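One structure is given here, and the rest of the page talks about it.
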Number of protein chains: 2
Amino acid sequence: MTPQRIAIAETIWKYGHIDIDRLYSVIREKFPTISLATLYKNINSFLEKRFIQEVPIPNHKTKYELILKNHGHFICTECGEVRDIEIDENVLKMSIQDSVPNMDRVSLSVHGVCCGK
Amino acid sequence: MTPQRIAIAETIWKYGHIDIDRLYSVIREKFPTISLATLYKNINSFLEKRFIQEVPIPNHKTKYELILKNHGHFICTECGEVRDIEIDENVLKMSIQDSVPNMDRVSLSVHGVCCGK
DNA sequence: CTGGGTGCAAAGTATTTGCATGAAC
DNA sequence: GTTCATGCAAATACTTTGCACCCAG
C-alpha cells in the first residue's frame, strides 16, 4: 500500500465513476510525477483483486468504480455520464426467463439521454 | 450496399456475437483483400444507423450483434463467450427503484463462468 | 462525371511491458 | 539484501484518417 495507491482508491471512491484520464489529472495534483503506467498497473491490480470494476460506456472511455453494493447504472448516451440506480435484485432476477449457468454478478445498464438534448 | 457490406451483416447475423478479429478472418475467406479499415468503417456506419450494437466484454474485445429484439446477455468471465438470455422487460423495469430520465434502452448482463472451470 | 466504398499506408490513441531506481521491511 | 511499486521509455495493440483508385448510376 503506497500513498499513490491509496490516493487512487480514494479518488475512485470520491468520484464514484471515473475514467483513466480524469483519474490521471486528479492524482497528478497530489503526485505530479505519477505516470499513466503506474495508474494502469494499479487499476489492473485492483480489478484482479475485485476492489473495483469496469463500467464500459459506448463512445467514451471505460470508467471504474469501487465494488460496493450491487446497483444499476444509468448511462447517458450523449455525454457518457453515469448515475447509480438502485435495483431490487430479486425482482431483477425474476425477469430472467432462461436458466443461467453460475450467475456471479448481474449488471443492469439503462441507456438514455440525461440532459435535455 | 456493397457485397462486402452484405457479407459483414450476414456474418454478424450468423455468429450472433462476433468480435472484429473473427469477423475479419471470416470475411477474408470471401474477400481476401478486405482491410480492417473497411471493416471498422462499416461497423461504425452500422452502429450509427443502429443496425448493430456493441457488447462490451471485460478482458476481451468488444463483440457486435444485430439489434433484433431486446434480450439479456450471459457473459462468461473466463472465455468471453456470450449467450443470449430471454428477459421479461416489464419485470426487469420493475426492479428499477429510482426514476430514470429518458429510458432508451435497457441492457442486462449476467456474468459467470460457462464452462465447468 | 460524380458519389461513395474500398484498401493501403500512415497517423492517432490506448494500454502494456521492461528495466533501472528507490523505499520498506 | 530482498521484495515490490514507481516512473520513464519503448513496445504493442487497437482504431481512425487520408488518399488514390475503382465501380455504379
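In this text, all values refer to a predicted model and were calculated from it rather than measured experimentally. Chain identifiers are assigned alphabetically (A, B, ...) following the order of the sequence lines, protein sequences preceding nucleic acid strands; residue numbering begins at 1 within each chain.
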query = Which pairs with one or both residues in residues 24-35 of chain A pass side chain to side chain donor-acceptor pair (under 3.5 Å), sequence neighbours excluded?
reply =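 Listed by first then second residue: A/Ser35-A/Thr38.
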
inquiry  = Is any side-chain heavy atom of B/Leu108 closer than 4.5 Å to one of A/Ile96?
reply    =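 Result yes, sub-4.5 Å side-chain heavy-atom pair found.
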
inquiry  = Other residues, nucleotides and ligands only: do more than 12 of their heavy atoms fall within 6.0 Å of NZ on B/Lys14?
reply    =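 No, not enclosed.
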
query = Quick check: are there more than 12 heavy atoms from other residues, nucleotides or ligands sitting under 6.0 Å from CZ of B/Arg105?
reply =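 Enclosed: over 12 neighbouring heavy atoms sit under 6.0 Å from CZ of B/Arg105.
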
ask   = Closest heavy-atom contact between A/Ile52 and A/Leu47?
value =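 Scanning both residues completely, I find the closest heavy atoms to be O-CD2, 3.6 Å.
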
Just checking, is any N or O donor in the side chain of [X] or [Y] under 3.5 Å from an acceptor N or O on the other one?
{"X": "A/Asp104", "Y": "B/His111", "result": "no"}
{"X": "B/Glu81", "Y": "B/His17", "result": "no"}
{"X": "A/Lys41", "Y": "A/Ser45", "result": "no"}

Starting at [atom1] of [X] and ending at [atom2] of [N], how long is that distance when rounded to a whole Å?
{"X": "A/Leu39", "N": "C/dA14", "atom1": "CG", "atom2": "P", "value": "14 Å"}
{"X": "B/Phe31", "N": "C/dG5", "atom1": "CZ", "atom2": "P", "value": "15 Å"}
{"X": "A/Lys30", "N": "D/dT6", "atom1": "NZ", "atom2": "C1'", "value": "17 Å"}
{"X": "A/Tyr24", "N": "C/dA14", "atom1": "OH", "atom2": "P", "value": "13 Å"}
{"X": "B/Ile27", "N": "C/dG7", "atom1": "CD1", "atom2": "P", "value": "11 Å"}
{"X": "B/Asn59", "N": "C/dT16", "atom1": "CG", "atom2": "C1'", "value": "14 Å"}
{"X": "A/Asp19", "N": "C/dT13", "atom1": "CG", "atom2": "C1'", "value": "14 Å"}

inquiry  = Please determine whether a side-chain nitrogen of the Lys or Arg among A/Glu89 and A/Lys93 lies less than 4.0 Å from a carboxylate oxygen of the Asp or Glu.
reply    =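 Counted as a salt bridge, because a side-chain N and a carboxylate O are separated by less than 4.0 Å.
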
Under 4.0 angstrom between B/Ser35 side-chain N/O and C/dC8 OP1 or OP2 =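 For C/dC8, neither OP1 nor OP2 has a side-chain N or O of B/Ser35 closer than 4.0 Å.
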
Collect all protein-nucleotide pairs involving nucleotides 14-19 of chain D in which both atoms are nitrogen or oxygen and the distance is under 3.5 Å.
| from | atom 1 | to | atom 2 | distance (Å) |
| --- | --- | --- | --- | --- |
| D/dT15 | OP2 | B/Tyr40 | OH | 2.3 |
| D/dT15 | O5' | B/Tyr40 | OH | 3.4 |
| D/dT16 | OP2 | B/Asn44 | ND2 | 2.9 |
| D/dG18 | O6 | B/Lys41 | NZ | 3.1 |

message = Counting only heavy atoms and a strict 4.0 angstrom limit, can you tell me which residues of residues 1-13 of chain A come near DNA chain C?
response =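 Within this stretch, nothing sits under 4.0 Å of the strand.
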
